[in-house]
Amino acid sequence: MALILGIESSCDESAAAVTEGPHEVLASIVATQDELHQPYAGVVPEIASRAHLQRVPMVVDQALQQAGCTLQDLDAIAVGHAPGLIGSLLVGVSAAKTLAWSIDRPLLGVHHLLAHVHAPALNDVPIEFPAIGLLASGGHTAILSQTDPLHANRLGRTIDDAVGEAFDKAAITLGLGWPGGPAVEKLAADGDPSAVKLPIASLDGPDLNCSFSGLKTALLYATRGQPEGRGRHATFPRTAEDLTHQARADLAASFQHAAIEALIRALDQACVRVNARSLVGGGGVLANTLLRQRLEELADRHDVTLRLPPQRFCIDNAAMIAGLGAHMLAAGRTSGLDLQALARMPVEA
Ligand code: KG4
Ligand code: ZN
């Protein structure tokens with residue numbers, strides 16, 4: 001089996017990994033940057049790319065060491081080259097090109113989102129296709145249909161905020177920290193999901209799209225009351241701190257329920273349309289326990305096999321990049337040294 005080094009730097013995680021073929025993870029190192037972005041309650045692109053410059057060489061060294069191999073042992077270098085923050089992607093892509101050139105091995109340009117839905121197959125059996133994939137992270141929310149690991153059609157996406165971003169903004173509204181998902185989930189555990197009626201957007205049309213911006217605004221008003229004035233000049237009668245713990249927990253639980261229900265409804269439609277054998281999840285939001293429970297119920301209802309990665313492969317990591325890279329190498333889909341980092345790239349490309 002081919003030995004692949006994977007590099008990931010699309011957002012705020014600097015990661016490197018070594019896999020043997022598409023499935024076996026020999027090493028996976030992830031350096032998160034949460035502490036650098038925490039003061040800004042969101043990822044600051046310039047800070048992210050500067051941190052990648054310092055950390056990518058470090059994680060590559062650590063991954064090779066953990067895998068017990070040298071650069072010369074590698075058969076190819078895979079890198080997440082799209083989509084993502086352009087300044088961040090450029091660091092990983094430049095590093096991967098340099099390494100591939102220096103050892104004269106093929107370079108593999110991996111689509112970050114396809115890599116996320118490959119993640120459940122890491123250290124595990126192959127995914128059975130056709131598959132429906134849910135991608136739910138801080139930057140992306142999409143529903144994919146796949147016939148093999150290298151090809152996907154997008155059945156739907158969010159038309160505004162990504163679901164993870166909605167969790168992060170809900171956390172700000174509720175006076176919690178960043179990243180918001182885990183904080184909202186923790187607070188929601190004390191609350192009643194039916195306490196506050198918040199909108200679950202189901203959009204008509206051929207695409208299975210969802211929307212989270214109306215939900216975000218509804219939560220803001222439910223928490224802080226109806227504003228006077230508009231936009232930046234709006235003033236609210238109260239803040240989250242004026243509410244009791246129970247009231248805030250009820251709001252968190254109601255928000256979590258509405259956000260997850262929107263995804264489940266769209267996926268339910270996807271399962272009706274596509275005669276799939278597997279339902280696959282990827283992205284940081286898949287850490288959410290309620291989402292995982294609701295996906296289990298959905299998979300049971302449609303008689304499909306649910307494949308969810310463990311937490312360390314849900315978040316951005318390079319093992320998913322190396323693993324999918326192995327499939328690309330086997331299919332002869334190598335890239336030249338002119339491989340471009342792209343902020344946007346359709347999953348169908
Ligand atoms: O995939 P990821 O680690 O990074 C990218 O966005 O690429 O996803 C991070 C997102 C954040 O928005 C975070 O709030 C959300 O995943 N998240 C969660 C949970 N844990 C992380 N959302 C809901 N519930 C969680 N337990
Ligand atoms: Zn990601």
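Ligands are counted one by one from 1 in listed order, and the atoms in each one are counted from 1 as well. Each residue takes its place number in the sequence, starting with 1. Worth knowing before you read on, the calculation uses all heavy atoms, side chains too, and leaves out hydrogens, waters and symmetry mates.
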Of H116, E185, K186, E8, the residue with the heavy atom nearest atom 26 (N) of ligand 1 is E185
May I ask you to list the protein N, O or S atoms found at less than 2.8 Å from the Zn ion (ligand 2)?
H112 NE2, H116 NE2, D316 OD1
What closest approach, in Å, do P22 and M1 show between heavy atoms, and which atom pair accounts for it?
CD-SD, 4.2 Å
Can we say K169 and E165 salt-bridge, meaning some charged N sits less than 4.0 Å from an Asp/Glu carboxylate O?
yes
Identify which of D316, N288, L135 has a heavy atom lying nearest to atom 7 (O) of ligand 1.
D316
Donor + acceptor pair across side chains of H302, D268 (<3.5 Å):
yes
Atom 17 (N) of ligand 1: the protein heavy-atom neighbour that sits closest, reported with distance to 0.1 Å:
G284 O, 3.7 Å
Between D104 (side chain) and W101 (backbone), is there a donor-acceptor pair under 3.5 Å?
no
Taking the six-membered ring for Trp and the full ring for Phe, Tyr or His, determine whether the centres of H118 and H327 are under 6.0 Å apart.
yes
Top protein contact for atom 6 (O) of ligand 1, by heavy-atom distance
G138 N, 2.7 Å
What protein heavy atom is closest to atom 13 (C) of ligand 1, reported as residue, atom name and distance in Å?
D168 OD1, 3.7 Å
Which is it for I315 and ligand 1 at heavy atoms under 4.0 Å: side chain, backbone, both or neither?
both
Polar side chain donor-acceptor pair, D34 to T32, under 3.5 angstrom:
no
side-chain hydrogen bond (donor to acceptor under 3.5 Å, both in side chains) pairs touching residues 269-291, sequence neighbours excluded, are E128-R277, E185-T289, Q256-N288
Looking only at side-chain N and O atoms, does N153 offer a donor or acceptor that is under 3.5 Å from a partner on S145?
no
With the threshold set at 4.0 Å, does a side-chain nitrogen-carboxylate oxygen contact exist between R105 and D75?
no
Considering heavy atoms of the protein only, find what lies nearest to atom 18 (C) of ligand 1 and give residue, atom and distance to 0.1 Å.
G181 CA, 3.4 Å
